[in-house]
Every structure is written in C-alpha cells, then in structure tokens.
Amino acid sequence: MFRRLRAFLAVDAENRELIRAQQAAFTRQIPLLYVMLMVNAVALAATHFKIAPLYLTVYAPLALCLGCCIRIHGWWLTRQTEADHSQAVRQLQSIVYVGIAIGTGFTVWSLSLFPYGDAYTQSHVAFFMAITVIGCIFCLMHLRTVALMITAVVLVPFTLFFLSTGNPVFMAIAINMAIVTIPLVYILLKHYDVFTKLIESQKAILAKQEQLQALSDDNRRLANIDSLTELPNRRQFRTEFVRRLQHASERQGTLAVGIVDLDGFKPVNDAFGHAVGDKLLMEAARRLRAFAEQGVFAARLGGDEFGLLIENDQSDLDLKSLADRICASLREPYCIKGITAKVSASLGLVSFPEGGQNAVQLFERADFALYHAKQYGCGQAILFSEEHAHQITRRSRVDQELKNADLEKELSVLFQPFVDSQTLTTIGFEALARWDNPSLGRITPDIFIPAAERAGLMSQMTLALFTKALDAARQWPDGTRLSFNLSAKDIVSSATIDAILTMLAKSGFNASDLDFEVTETSVMANFELASSNLTRLMDHGIGIALDDFGTGQSSLSHVHRLPLRKIKIDRSFITYIDTNVLSRNIIRTIVDLCRNIDCVCVIEGMETQEQVTILRLLGCGVMQGYYFGRPMPLEETLVRLQNEARPDSGNLAAAVA
Ligand code: C2E
Ligand code: CA
Ligand code: CA
C-alpha cells in the first residue's frame, strides 16, 4: 500500500522530455501559486486579526508565508540556471512532498481560525479554502499527482469539516465545492493527458527531425566525398579552395594550389585491370592523406588527377621541397594483389598571391604548370613562374592572331632530310610546318599546333600544310619519301582522313612513298578510333610512323596492335649517347624491338659525328638530325637531291665511317 502510494507520487523520471516540459511550466507557474496563497493568507489573517489569537493571525501565517518565500526563491534560482535532468527530477519530486506539506499546513491553519469570529469570518475561511483548491488545480495542472494530492489534502478535510458543522449554509458550500471539484478534476486529467501526448508527439517530431538531419548530413558527406578513395571530391575541393583563398587574403597569408597527375596510370589500368587500378588510386590517396600533418589538403579531382591546397606560409623553396617529397612518395612502388606496379606523379603548383589573384586564375596556372611538368619532366613538381606567365600571355596572343590569320598565305613547310644509316644518302624528308605572322613574326609548330587544336582550326591547318607538302614532294625524284605529321585531332577525325585521302589521290603522289607520323600520346587519347583511322590509311599503302617514341605513355601491347611501318626514337635518348651507357642500351633494345616487329627504326636528333658513329654501330636503320641537315625550304631539298644524284657524291658515308 505504502509502496503503491510512493509509486503514484513518484515522478516519471524516464520521460526526459516530459520532465523538461513540466519543469519549464512550473518555473513560471509555481511562484504565481505561492504569491496567490500568500495574498489569500494575508487577507484571511487580516479579517481574523482582532478576534483570533496572535499565534494564528500573525505567527502561523508568517511561518507559512516564509515557507512560501523560500520556495519562490528556490524556483527563481532555477529560472536563472539551466537544470540538468536529475536536478529537474529532484525538483519535481520535491513539489509533491512540499506541496502536500504546505497544503496541509494551510488547511490546518485556516480550519483553526474557524471557531473565532462570526458567520462572515467563518464564510471567509470557507471561501479561502475553496479558492485555494481551485487555484491549486489550475497552477499544478502539469503534474497530475501533485494537483490531485493537494486537492485531496485540502478538499477532504474541508468537506468533512463543513459537513460536520451542522450549519445548512456551510454544508451546502461543502457539497457544492465537492461537486464543482469533480468536473475540475476531470478537466485536469484531460488536460494532463493532452499535455503528455503533446510532449510525446513533440518528441517523435524531434526524433524524426534528428533522423532527417542525420540523413541529410550523410548525403552532404557523400556528395562531397570521392567514394573510391574517400578523399574530398572535386566539388569539396572547389568549396575548400574558395574558402581558404578568402581566408588567406584576409590574413594576408599565402596559399599554394597544386594539381597532381599520375604518369603511367593508364597502362597499369589497361594491363592489370580496373580492380588493380582502383587499388592503386586508393593507395595513392592514402599517401597523399599522410601529408595532412604538413598542411596539405588533398582531394581527388577525377581519374588519376588530385588537387592539393597547401596552407602553411612556406617559402618557394620549402614548397618545392614539400612538392618533391609528395612526388617521391607517389613514385614508390605499389604492391597490389601480388603485382608491383610503378607509376610516377607530375605536380603543377602555383602560389597565392604571387602566382595569381583569384581561384580561376590560380587553378588555370596550376594546370599550366602541370602541363609543363608532364611535358618536360615526368615525375616532377613544377612551380608556376614568371616565365610561365609570360608564356601564357604569348599563348593568348597566338590564339588571338590565329583566329584572324590567312593560313594559306602565312603557313609554309620546311623539309628535314632523313638518311639511310648505311649509305647516308637521303631517303626522304619530313615536312615541318612554319607560321610567319605579320605581327608575331615566325612561330614554331610546338606553339601554333596546340593553338590550332584549341581554336578548332586543326583540320583546316593540316589540309593547307598537306597541300603544300604534296606540291613540293611531287617535284622530287620518284621514290623520295615524304613524312608528314598528323596531330591528335587529325587522327580521330574521319572527315580529315577522308579529305587527306582525296587530296593524295588527286595529287598523283605515290601513296607508298608517304608516311604519316603520329605520337604515342595522340594515339592513346582515343586508341580505338585512332587505330581504325590509321588502318584505313595503311590500307591505301601509306606507312605509319610512331613519333617521339619513349616519351609518351603507351604500353608495348598497344604498339604491337598499331599498323606501324616506322618507329622514331625521340631525340632525348641520344643527347648523352656518347657518354651514357644506359642511353646506348635503351637504343639497342628499341632497335631490337623494331627488328622483331618488322619496323624501320628511325633515330632523331643527332648533331655530332660521334653520335652518328655510335648510332650506326647500334644498327638503327634511318637517321634524321641537324648533322645531316636542318629543316630547309623546297629549293634546298632539290639542290641536295641533285647533288647526291651526281656520280662523284657518296663520300659522306666514307667520311663518317
Ligand atoms: P617532331 O615531329 O619530333 O619534329 C622534329 C623536330 O625536331 C623538329 O622541330 C626539328 O626541327 C627538330 N629537330 C630535328 N633534328 C634535330 C636535331 O638534331 N637537334 C635538335 N635540337 N632538333 C632537331 P620543329 O620543326 O620545331 O617541330 C616541332 C614539332 O612540331 C614536331 O616535332 C612535330 O611534332 C610538330 N610539327 C611540325 N610540323 C608539323 C605539322 O605539319 N603538323 C603537325 N601536326 N605537327 C607538326
Ligand atoms: Ca615528326
Ligand atoms: Ca619526333
């Protein structure tokens, strides 16, 4: 029985939200309840002041009011501080017991006043008790148990007491009050029910909201993360870049932006499959993440490209050394599923504020530096410099001029001879384009060919140059070969290939004396299409030469699948051939490879007699370099061919030997 009563009086401590809501309601209502009680008590004490003893009209109400004031003070303090859950439970629990105590105190006190005075003052006691019950029910609505207990503590003695007076008016008041209390208690219970349900539904809404928030946080995270490497993705990189740039400019600090591109990733992917490729990217990402401690924020921009933001106010020298360490780390072998794959990484860097002012410009410049890193130093980091800025300005001027250029008039072709390495007689010429612009002067092809590709003028330019080359080649003796360079754009354009074939047929030049030179990189950009177009050319009897061999990214399996007649070993391999054994061994291996796949081996770029002597010993078939002749105009080619045709010529071979 006692335990049940305790349970009934206990506060539902498990329901945290309900406790919080009850506490919030009471913090406002309880002080009001005490004020109301005190005002009522003072009024009752005043009407009995002269007729009842002092201990009932002064001391007892004073003691009760003091109790009320202490409680008001307690609640006032709660208002100032945020109570934690257990404090709130204790406070609510205290209302139950303190409420019963104070309720009993007021009941006993008011009933003790009843015997004094006349009918009016006695009615005041009845009124005091009735109004107190109603006030308590209203103010304590949010804690059902207290409201009910206090109602019981006041109402039961009130009803019994007044019924026992035998006075019909007081008896009527007592019955009347008991009857009025019934609907009041009913409303109290209903209200409490609605209140708890409201809290429950608020709780459910809150839980739903939290769930939605978690879901949207998850979505945001996924939208900003690269699912393979778990690095931030391009979108996150962009946001972070803009944020850090803003921060750097506000605190007048520096920020470096880098773009990393893995060299040789595609062949690994092609040779070992995507599963190995994916693992390699994950490992590369892990290595980049390890630089976080050194202030490097890394993101995957797509494919085998990563973006870096470096934010620790470094000097250019420190930055370069950090970038070199990043490249070195990415160059370490990758051991995946029993395979050891090797790739290197090129890194283009630019630093704010010297290297550029805004995000777009900085990113473009990092990309430009990366292009240089890839072009001139695979596996290296290159920091954007003033020289690069100068090149960009020049590049944009070239782009501008190219749009208005009269290609037919301004373009011309020079011819560089290539010779048989045994007889050293001229076999043919490579056509090399030149552009003479009225305002820019002479521009070399490595500048204007990429510009023409950017401007979408490549096909037009190739056809103009090819016409000029054919016109010249027709003037050479039969059997003199013509080599013509095709760009990456040309070999994937079926329309350009069609036009070239038509042009060739019209010219009457012998297709079997013609070679088209293509670079590894241009073929690799779209291997299937390039390969099918090259096969079409080959079907017409034209030879295909793989240019700049050894500088691109192709794998031998691709070389094998191309319809090649010639392989041209890049000039960079022979620069140190007279001093470097490794260079000689590489050339010897490629010469062997050419022999095995039945290709003519052409070596480019010999400038000295020593180089020529060594190359002849290594057994390459054809040579082309300044030693045998620089690119020359048509007239000079004709003189050269004429001279060689003279019976007294032919002592060049003897001179070299
Ligand atoms: P490439 O096809 O590798 O051409 C050989 C380049 O090396 C030529 O530069 C040539 O002058 C240079 N060279 C030849 N022998 C030596 C040597 O002994 N020492 C040195 N230092 N250089 C030597 P060029 O004429 O400036 O051409 C550069 C590149 O522009 C060419 O490289 C080729 O990729 C491209 N190109 C030239 N003409 C055309 C063209 O008509 N169409 C296309 N698509 N590209 C062309
Ligand atoms: Ca070439
Ligand atoms: Ca070449």
Side-chain angles (χ1 to χ4, degrees), residues 375-376 398 402 407 410-419 426 428-436 442-455 457-473 481-493 496-497 500 503 514-523 525 530 543-552 564-578 590 600-612 615 620 622-633 636-637:
Q375 200 81 353
Y376 305 112
V398 168
L402 194 65
L407 292 182
E410 295 175 23
L411 284 176
S412 62
V413 187
L414 294 181
F415 299 92
Q416 187 181 27
F418 44 88
V419 303
T426 306
F429 297 89
E430 176 177 1
L432 293 164
R434 296 292 178 263
W435 176 31
D436 292 287
R442 171 157 285 196
I443 302 134
T444 52
D446 41 348
I447 304 280
F448 71 78
I449 298 286
E453 289 191 329
R454 284 195 295 277
L457 290 170
M458 198 59 239
S459 173
Q460 194 187 337
M461 185 177 273
T462 298
L463 298 178
L465 289 166
F466 191 50
T467 316
K468 289 176 197 277
L470 281 178
D471 285 349
R481 303 192 66 82
L482 168 68
S483 242
F484 187 86
N485 293 286
L486 290 182
S487 85
K489 290 272 180 321
D490 295 327
I491 55 175
V492 292
S493 159
T496 308
I497 302 293
I500 283 174
M503 216 174 256
L514 177 64
D515 292 307
F516 281 122
E517 300 193 3
V518 294
T519 64
E520 292 174 87
T521 328
S522 66
V523 175
I544 305 298
L546 191 62
D547 205 356
D548 303 345
F549 185 76
T551 58
L564 298 179
R565 182 186 287 173
K566 278 184 188 171
I567 285 183
K568 294 183 80 172
I569 305 178
D570 190 69
R571 169 154 61 86
S572 54
F573 286 95
I574 69 151
T575 315
Y576 304 106
I577 195 157
D578 35 1
I590 305 176
V600 176
C601 179
V602 184
I603 304 210
E604 289 187 282
M606 61 290 302
E607 295 181 1
T608 65
Q609 188 172 328
E610 290 75 42
Q611 289 171 337
V612 173
L615 289 171
C620 70
V622 177
M623 294 199 263
Q624 175 185 351
Y626 287 174
Y627 181 80
F628 297 106
R630 287 181 178 254
M632 55 187 79
E636 280 182 39
T637 65

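Just so you know, these numbers come straight off a predicted model, no measurement behind them. Basis for what follows: all heavy atoms, side chains included, without hydrogens, waters or symmetry-related copies. Numbering of ligands and ligand atoms starts at 1, following listing order.
Residue Leu465 has at least one heavy-atom neighbour below 4.0 Å for each of these atoms of ligand 1: 41 (O). Short contacts between ligand 1 and Ser487, defined as distances under 4.0 Å to a heavy atom of the residue, involve ligand atoms 44 (N). In summary, the atoms of ligand 1 found under 4.0 Å from a heavy atom of Gly625, numbered by their order in the structure, are 15 (N), 18 (O).
The shortest N or O to N or O distance between Arg571 and ligand 1 is below 3.5 Å. Remark: ligand 1 and Tyr627 share no N or O pair separated by less than 3.5 Å (distance only, no angle test). Where the criterion is an N or O separation shorter than 3.5 Å, residue side chain and backbone included, Asp490 fails it with respect to ligand 1. Residue Tyr626 has at least one nitrogen or oxygen atom sitting less than 3.5 Å from a nitrogen or oxygen atom of ligand 1, judged on distance alone.
Checking Pro445, Gly629, Pro417, Ala433 against atom 28 (C) of ligand 1, the nearest heavy atom belongs to Pro445.
Atom 11 (O) of ligand 1 has its closest protein heavy atom at Pro631 CG, 3.4 Å. With hydrogens left out, the protein atom closest to atom 45 (N) of ligand 1 is Asn485 CB, 3.6 Å, a heavy atom. With respect to atom 3 (O) of ligand 1, the closest heavy atom belonging to the protein is Asp548 OD1, 3.2 Å. Closest to atom 20 (C) of ligand 1, if we only count protein heavy atoms, is Glu607 OE2, 3.2 Å. Nearest protein heavy-atom neighbour of atom 1 (P) of ligand 1: Asp547 OD2, 3.9 Å. Summary of contacts: the protein heavy atom closest to atom 15 (N) of ligand 1 is Gln416 NE2, 2.9 Å. Closest to atom 5 (C) of ligand 1 among all protein heavy atoms lies Glu604 OE2, 3.7 Å.
Under a 3.5 Å cut-off, the side chain of Thr462 and the backbone N or O of Met458 do form a donor-acceptor pair. Proximity of a side-chain donor or acceptor of Asn485 to a complementary backbone N or O of Ala431 within less than 3.5 Å is detected. Although no hydrogens or angles enter the test, the distance criterion places a donor-acceptor pair under 3.5 Å between the side chain of Gln611 and the main chain of Thr608.
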Check your understanding: So Trp435 and Met461, side-chain contact (heavy atoms from CB on, under 4.5 Å) or not? Walk me through it.
Key -> CA-CA 10 Å; Trp435 176 31; Met461 185 177 273; 5.8 Å; no
Exercise for review: Could you please spell out the steps behind the side-chain contact (heavy atoms from CB on, under 4.5 Å) verdict for Glu410 and Asp436?
Suggested key: CA-CA 5 Å; Glu410 295 175 23; Asp436 292 287; 5.6 Å; no
Point to revise | side-chain contact (heavy atoms from CB on, under 4.5 Å) between Lys566 and Phe418, intermediate numbers included | key: CA-CA 13 Å; Lys566 278 184 188 171; Phe418 44 88; 3.8 Å; yes
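A heavy-atom separation below 4.0 Å is found between Glu430 and ligand 1. Using a 4.0 Å heavy-atom cutoff, Arg434 is listed among the residues neighbouring ligand 1. Contact between Ile449 and ligand 1 is present, with at least one heavy atom of the residue lying under 4.0 Å from the ligand.
Considering only heavy atoms from C-beta on, Phe516 stays 4.5 Å or farther from Ile491 through its side chain. Using a 4.5 Å cut-off on side-chain heavy atoms (C-beta onward), Thr496 and Lys489 make no contact. A heavy-atom distance below 4.5 Å is found between the side chains of Phe484 and Leu465. Two residues are said to be in side-chain contact when any heavy atoms from C-beta on lie closer than 4.5 Å; Val518 and Ile544 meet this criterion. Residues Leu414 and Pro633 meet the side-chain proximity criterion, which asks for heavy atoms closer than 4.5 Å. Contact annotation: the side chain of Glu604 approaches that of Asp548 to within less than 4.5 Å [non-hydrogen atoms, C-beta and beyond].
Residue Glu430 approaches the Ca ion (ligand 2) most closely through its N/O/S atom OE2.
Under the 4.0 angstrom criterion, atom 32 (O) of ligand 1 counts as lacking any protein heavy-atom contact. Taking a distance limit of 4.0 Å, we find that atom 23 (C) of ligand 1 is approached by some protein heavy atom. There is no protein heavy atom closer than 4.0 angstrom to atom 9 (O) of ligand 1.
Proximity of Leu486 to ligand 1, defined as any heavy-atom pair under 4.0 Å, is confined to the backbone N, CA, C and O atoms.
Considering every non-hydrogen atom in both Arg434 and Pro445, the closest pair reads NH1-CD, 3.4 Å. Closest of all the heavy-atom pairs between Ala451 and Leu402 is C-CD2, 3.7 Å. The shortest non-hydrogen separation linking Val612 to Met606 is CG2-CG, 3.6 Å.
Distances under 3.0 Å from the Ca ion (ligand 3) pick out the protein N/O/S atoms Asp547 OD1, Asp548 OD1, Glu604 OE1, Glu604 OE2.
When each of Lys568, Gln416, Arg481 is checked for a side chain to side chain donor-acceptor pair (under 3.5 Å) with Glu430, only Lys568 meets the rule. Among the candidates Ile569, Val602, Leu564, the single residue satisfying the side-chain contact (heavy atoms from CB on, under 4.5 Å) test with Leu546 is Leu564.
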